[in-house]
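These notes are about the structure you will find just below.
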Amino acid sequence: MKYVCIPCGYVYDPDLGDPDGGIEPGTSFEDIPDDWVCPVCGVGKDMFEPQE
């Protein structure tokens, strides 16, 4: 499932991960470390919600 950043609209796609942020492709959102932040606007995981 993809997750979208509420403030900026960045979409985290587990198939792509966030290589620049140290998140390998195939990493589910739930498995991302709690200190990870949005690569676009810098907010925490708590500001993301599942994409419909």
Side-chain angles (χ1 to χ4, degrees):
M1 176 179 292
K2 296 178 183 178
Y3 281 74
V4 62
C5 180
I6 299 164
C8 77
Y10 167 80
V11 175
Y12 175 77
D13 184 341
D15 292 337
L16 303 176
D18 176 24
D20 293 339
I23 307 301
E24 294 292 323
T27 304
S28 70
F29 189 79
E30 293 80 5
D31 291 338
I32 296 173
D34 289 336
D35 61 355
W36 178 82
V37 296
C38 175
V40 176
C41 70
V43 298
K45 282 180 64 178
D46 60 331
M47 294 301 290
F48 281 73
E49 63 183 19
Q51 188 177 46
E52 296 300 323

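We count residues from 1, following the sequence as given.
Applying the under-4.5 Å side-chain rule to Ile, Leu, Val, Met, Phe, Trp and Tyr, the cluster around Leu16 consists of that residue alone. Hydrophobic cluster of Val11: the remaining members, joined at side-chain heavy-atom separations below 4.5 Å, are Val4, listed by chain and number.
Val40 and Ile32 end up in the same hydrophobic cluster when Ile, Leu, Val, Met, Phe, Trp and Tyr side chains are linked at under 4.5 Å.
Among residue pairs with one or both ends in residues 2-19, those qualifying as salt bridge (Lys or Arg N to Asp or Glu O under 4.0 Å) are Lys2-Asp13; sequence neighbours excluded. Pairs engaging residues 37-47 under the salt bridge (Lys or Arg N to Asp or Glu O under 4.0 Å) rule: Asp34-Lys45 [sequence neighbours left out].
Partners of Glu30 under the side-chain hydrogen bond (donor to acceptor under 3.5 Å, both in side chains) rule, at least two apart in sequence or in another chain, are Tyr3. For Phe48, the ring-ring contact (aromatic ring centres under 6.0 Å, His included) partners at least two apart in sequence or on another chain are Phe29, Trp36.
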**OP:** Show your working on side-chain contact (heavy atoms from CB on, under 4.5 Å) between Thr27 and Tyr12 and close with a plain yes or no.
**Re:** CA-CA 10 Å; Thr27 304; Tyr12 175 77; 3.7 Å; yes

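Nearest heavy atom pair, residue Ser28 against residue Pro14, reads CA-CB, 4.2 Å.
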